[in-house]
There are 2 protein chains.
Amino acid sequence: MNGARSDVASRRVADHLRAAILSGEIAPGERIRQEEVAERLGASRLPVREALRMLEAEGLTEHHTHKGARVPKLDMHEVEVIYRMRERLEPLALAESLQHLTRDDLRRLEGLQERIEANGDIGEFLALDREFHLLTYSGCAIEQLSSMVVRLWNSTQHYRRAYMHLSGQARRWIVNAEHRLLLDAIERQDADEAERCLAGHIRRTRIELSHHPEVFEGPIP
Amino acid sequence: MNGARSDVASRRVADHLRAAILSGEIAPGERIRQEEVAERLGASRLPVREALRMLEAEGLTEHHTHKGARVPKLDMHEVEVIYRMRERLEPLALAESLQHLTRDDLRRLEGLQERIEANGDIGEFLALDREFHLLTYSGCAIEQLSSMVVRLWNSTQHYRRAYMHLSGQARRWIVNAEHRLLLDAIERQDADEAERCLAGHIRRTRIELSHHPEVFEGPIP
DNA sequence: CGGCTAGAAGTTGGATCCAATCCATGTCAG
DNA sequence: CTGACATGGATTGGATCCAACTTCTAGCCG
């Protein structure tokens, strides 16, 4: 009868924490105290515990018994391997998704890409880029595959942001060109070409990132 | 100071349920009632809830709000895609693991393969085969990669068992031959060859499985 | 002065009770 | 007889209180 509200407390808490982690408000390595979160969101500790477990499944927190939850901190090699995983899994997800994308999805992809090209600030770019790519996978009905792709995006989000703070506008032009090629292949339903574009896009990003070890050293803007 | 006992109730419960699901005692599609488990293991419902969340992160259960936990039931296409994910991820895990494998690991791999060749019953074969492959990945220090590989194995375990009940001894000879080739490449630290062997091994299994749609239809031994 | 230990405070894990939701059964109108 | 609908039992979600563990600190002894 209501507007599909998330009236389950644990989900509300999870949504809140997820946003806080993805936006960088809670940084990698930082500890999350149950009581503090519970108090701030007006719930008891129990839904917070459930929420932290959900986030753990999404790769956003890690849990150690009697020591609580932290946001995982990754080193350069870990992130590089995660990018290699993305190179292999995301083309598969795209292939599974491609023929199920609706005409409306394509229109939204176009719209997102136009907004990406509008060159907003870094936070906006990251959010739109994420939305763009995940939308291309939205037709993938294989739960395991979709959830793993989201996990990989979640894990690297913080380092993508850190890298964007270092890289110039030129990078964005390359991204835009690659997105356009990808969009074109998707609209033509050319699975092979779309997979190639996507793998190349991720691969290039991985290699660029590997030239900036400083991303993984200090605290970040 | 104690013998590394799993004195945390939620972990004990999770271990118990994991074993029950992997052994087929709890079948795909089956519901898991918190109170029943709690009573049977002499704990309250809370650690059971935590355990179910852990298992969800491992791909062994799925959770729907106010409807509880079930073991996911997959159709043939889903399993086929999961095998394609394995084809892409496990060679990567092997490459990451290869140079960290100790001489002792290699000896244990040899021992496992010999026990596999001893041709025990199906349950034993499945357990040994799982142990063999996961041991080859044990040197992989990338948590995300290792955990995803385990997830994929967990998800398909039941269907591997169902398939084994249908396939003859000839399949085992092929598996043994492939394992020997893989072991040889691993011992020579030949990453490329090992990746090729492994991808081929998984690929062949996927194709074989796709010839047996009956695996996904009825209830299973 | 430094390192180790005991304990106190803080944080997480677990048990019990209550509330909200789902689902199956039975009833009644058409 | 069939369908929708209401109701009660069953099951999960949440709050509160207590126990176990970790960690930080203060004090003692070498």
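Lettering of chains follows the sequences in order, A, B, ..., and the numbering in each one begins at 1.
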Students often mix this up, so state it plainly: with edges at 30° and 60°, are the rings of B:H179 and B:H133 parallel, tilted or perpendicular? perpendicular

Please determine which of B:E208, B:H212, B:H158 meets the side-chain hydrogen bond (donor to acceptor under 3.5 Å, both in side chains) test together with B:Y163. B:E208

Heavy-atom check, side chain of B:I207 versus side chain of B:Y83, under 4.5 Å: no

Salt bridge between B:D105 and B:R108, side-chain N to carboxylate O under 4.0 Å? yes

Output the distance between atom NE2 (A:H64) and atom CZ (A:R70), rounded to the nearest 0.5 Å. 9.0 Å

With a 4.5 Å cut-off on side-chain heavy atoms, are B:L152 and B:T156 touching? no

Quick one, which residues of residues 26-42 of chain B touch DNA chain D with a heavy atom under 4.0 Å? B:R31, B:I32, B:R33, B:Q34

Going through the distances and angles, do A:Q34 and A:R49 end up as a side-chain hydrogen bond (donor to acceptor under 3.5 Å, both in side chains)? CA-CA 7 Å; A:Q34 297 174 0; A:R49 279 160 73 171; 4.7 Å; no

Salt-bridge contact A:E56-A:R53 (side-chain N to carboxylate O under 4.0 Å): yes

Considering only heavy atoms, which members of residues 44-71 of chain A lie under 4.0 Å from some atom of DNA chain D? A:S44, A:L46, A:P47, A:H66, A:K67

Can you tell me the distance, in whole Å, between the CZ atom of B:R11 and the P atom of C:dT12? 17 Å

